[in-house]
Amino acid sequence: MKIEQIYTGCIAHAAYYVESNGEAAIFDPLRDVEPYLERAKSDNAVIKYVFETHFHADFVSGHLDIMEKTGAKIVFGPTAAPSYEAVIAEDNQVFKLGNIQIKVLHTPGHTMESSTYLIIDEEGKEHAIISGDTLFIGDVGRPDLVQLVKSEITEEILARHLFQSLRNKIMVLPDEVIVYPNHGAGSACGKNMSKETVDTLGNQKKTNYALRADMTEDEFVVELLTGLATPPQYFPKNVLMNITGYEQLDTILDRGKTPMSIEAVKEQMKKKEVILLDTRMPQAFSEGFVPSSINIGLNGQFAVWVGELIKDIKAPIVLITEPGKEEESMIRLSRVGYDNTIGYLEGGIEAWKNAGEPIHTITRITPQEMDRLYLEDKGVLLDVRKINEFRSEHLEDSVSLPLNELEDKIDVMSKEKKYIIYCAGGYRSMMAASILYKYGITNLVDVLGGYNAISKESTLDHTDFVCPTSML
């Protein structure tokens, strides 16, 4: 028996490849399924099943593409109602895979159909659980996503379901059972996930706040529902795609891998609904970019920020990328359901420059330069980190405007004031700067290294006092 975790850090996602005696199963796959197909091919194994722990909100699953390419059966837990062919398992139903067994444990709480898969090895020993968003390392799945879809079930009802699922289905398993969750730190599907992505159940019983033996159901509900951040706006759209289905990734790539001339791109730029998305890294973007383009760099939490910042999941997208990064950009867009790439700027930014087309730049400054500029000009120190980061520590005179709220506040921002923008490390602040530029707010600079550098190098006062945002 083989169990392999296939982890994708940029969206904090774990899929699983399980193989026994020439038969394989994939659990919670991403949209780009070739790595799973290649993994099975290397074992001379046939993919028999695609197991889904629930209808995911933070990514679009690759279960339909795997079924189309291999004939594997899709399996969901009880109460799931997809719009396509799938096996809806019963609680405690057992599936044979080679010489091992996979037992369905219905564990509602994160969602009603949420299920945990118990892996029983060749000797009949309970070996591991693939727990989806029911149990993470250090945390459990948030039950409040029910508010994203029409339902009579409340988040409190789901929280109570989760309490019972954890205690009656999971905590009764042997301590040596290995826990394989769907996400790690950085995912918005929980609030306190560990950077570790695997552990024993016994250790989780000792260290996971939600598994405390002395916790009552009421205490669990209060603790679980306290401190949850607002779910990203793209979550309900991904849930719907996972329920109803979607286009094959191959079709999306064939459509999007269309080189566009400068004139063709300029024609698209005239259309209000078209997004000009530059996926280069912040430094490269700052040194020269196409007017009205926004920057979300590939070498970060690209898909997550696409989902946060591009509100229309069906918006036509024209890409500007580093040479050879066009397909990777499209694949990573598709992971969160942004399937409408219509082409890319042929030759990239260099072609645009060489043709003499207008170029914008953004000045980046060091923390020491920030100090001088602020003390001389009294520009607005604009902190675009998440509110919990800001509350932890920030520059005393700074204003909090989280990146995912920026576009909604454009109308209250000034074209006369100077904005000195920072995030944690310089990745998000360039996204913010690009959005402001798109709306004509160009009197700004970006702080290199963000607050990580500012906290070490700036002489301005720091505080954890939360100031108002009316200074924009």
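All values reported here derive from a predicted model rather than from experimental measurement. Atom set for the values below is all heavy atoms of this structure, side chains included, hydrogens, waters and symmetry mates excluded.
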Decide, yes or no, whether a salt bridge links [X] with [Y] under the criterion of side-chain N to carboxylate O below 4.0 Å.
| X | Y | value |
| --- | --- | --- |
| Arg335 | Asp32 | yes |
| Lys257 | Glu326 | no |
| Glu389 | Arg428 | yes |
| Lys69 | Asp250 | yes |

Show the nearest heavy-atom pair for residues [X] and [Y], with the distance to one decimal.
| X | Y | result |
| --- | --- | --- |
| Ile387 | Ser400 | CD1-OG, 3.6 Å |
| Thr134 | Thr107 | OG1-OG1, 3.1 Å |
| Thr463 | Glu396 | CG2-CA, 3.5 Å |
| Gln204 | Gly138 | OE1-N, 2.8 Å |
| Leu201 | Ile170 | CD2-O, 3.1 Å |
| Val50 | Ala72 | CG2-CB, 4.1 Å |

- request: Would you sort out whether Leu460 and Tyr374 count as a side-chain contact (heavy atoms from CB on, under 4.5 Å), showing the intermediate values?
  value: CA-CA 9 Å; Leu460 298 180; Tyr374 178 68; 4.0 Å; yes

Please check if the side chain of [X] supplies one atom and the backbone of [Y] the other of a donor-acceptor pair under 3.5 Å.
| X | Y | answer |
| --- | --- | --- |
| Tyr7 | Gly184 | yes |
| Arg332 | Cys10 | no |
| Thr442 | Tyr437 | no |
| Asp371 | Thr459 | yes |
| Thr200 | Asn203 | yes |
| Lys386 | Asn404 | no |
| Ser261 | Ala264 | yes |
| Tyr17 | Leu37 | no |
| Asn242 | Phe59 | yes |
| Tyr36 | Ile6 | no |

Side-chain touch [X]/[Y], heavy atoms, less than 4.5 angstrom:
| X | Y | value |
| --- | --- | --- |
| Phe302 | Leu333 | yes |
| Leu395 | Ser458 | yes |
| Leu249 | Val33 | no |
| Tyr16 | Asp28 | no |
| Leu253 | Glu327 | yes |
| Val274 | Val318 | yes |
| Leu381 | Met370 | yes |
| Met413 | Tyr419 | yes |

- request: Before giving the answer on side chain to side chain donor-acceptor pair (under 3.5 Å), spell out for Gln301 and Tyr427 the whole-Å C-alpha distance, their side-chain angles and the decisive distance to 0.1 Å.
  value: CA-CA 9 Å; Gln301 285 191 304; Tyr427 177 71; over 6 Å; no

- prompt: Using 30° and 60° as the class limits, which term best fits the ring planes of His63 and Phe76: parallel, tilted or perpendicular?
  reply: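 Plane angle over 60°, so perpendicular.
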
- prompt: Once the angle between the rings of Phe51 and Tyr49 is folded into 0 to 90°, is it parallel (under 30°), tilted (30 to 60°) or perpendicular (over 60°)?
  reply: tilted

message: Please evaluate residues Thr366 and Glu457 with respect to the criterion side chain to side chain donor-acceptor pair (under 3.5 Å), reporting the C-alpha separation (whole Å), side-chain torsions for both, the decisive distance (0.1 Å), and the verdict.
response: CA-CA 9 Å; Thr366 65; Glu457 302 170 27; 5.8 Å; no

Spacing of [atom1] belonging to [X] relative to [atom2] belonging to [Y], to within rounding of 0.5 Å:
| X | Y | atom1 | atom2 | value |
| --- | --- | --- | --- | --- |
| Asn443 | Asp377 | CG | CG | 8.5 Å |
| Ile243 | Asn238 | CD1 | CG | 11.0 Å |
| Leu298 | Arg280 | CG | CZ | 11.5 Å |
| Arg142 | Leu162 | CZ | CG | 13.0 Å |
| Asp133 | Thr53 | CG | OG1 | 6.0 Å |
| Ile294 | Leu436 | CD1 | CG | 12.0 Å |

- prompt: Would you say the side-chain atoms of Thr197 and Gln5 include a donor-acceptor pair closer than 3.5 Å?
  reply: yes

- prompt: Looking only at side chains, do Thr321 and Ser329 share a donor and an acceptor under 3.5 Å apart?
  reply: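 Per modelled atom types, Thr321 and Ser329 side chains form no pair under 3.5 Å.
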
Looking at [X], I want to see if its [atom1] is surrounded by more than 12 non-hydrogen atoms of other residues, nucleotides or ligands under 6.0 Å.
| X | atom1 | answer |
| --- | --- | --- |
| Glu196 | CD | no |
| Lys353 | NZ | yes |
| Lys206 | NZ | no |

message: Is the distance between the ring centroids of Tyr451 and His462 under 6.0 Å?
response: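 His462 vs Tyr451: aromatic centres under 6.0 Å.
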
query: When the ring centroid of Tyr180 is compared with that of Phe27, is the distance short of 6.0 Å?
result: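 That pair fails the under 6.0 Å test.
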
query: Stepwise, does the side-chain contact (heavy atoms from CB on, under 4.5 Å) test hold for Asp312 with Glu273?
result: CA-CA 9 Å; Asp312 183 1; Glu273 71 275 14; 5.6 Å; no

- request: Could you check Tyr422 against Asp383 for side chain to side chain donor-acceptor pair (under 3.5 Å), going step by step and ending with a plain yes or no?
  value: CA-CA 5 Å; Tyr422 70 87; Asp383 189 323; 2.8 Å; yes

query: side-chain contact (heavy atoms from CB on, under 4.5 Å) between Asp65 and Tyr246: does it pass, once the steps are laid out?
result: CA-CA 9 Å; Asp65 275 14; Tyr246 47 77; 4.0 Å; yes

task: Would you sort out whether Tyr209 and Asp139 count as a side chain to side chain donor-acceptor pair (under 3.5 Å), showing the intermediate values?
output: CA-CA 7 Å; Tyr209 77 95; Asp139 202 359; 2.8 Å; yes

From CA spacing to verdict: side-chain contact (heavy atoms from CB on, under 4.5 Å), Phe235, Asp58: CA-CA 6 Å; Phe235 271 25; Asp58 60 313; 3.6 Å; yes

- request: Apply the salt bridge (charged side-chain N to carboxylate O under 4.0 Å, His left out) test between Asp339 and each candidate in Arg31, Arg255, Lys314; give the one that qualifies.
  value: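 Passing option: Arg31.
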
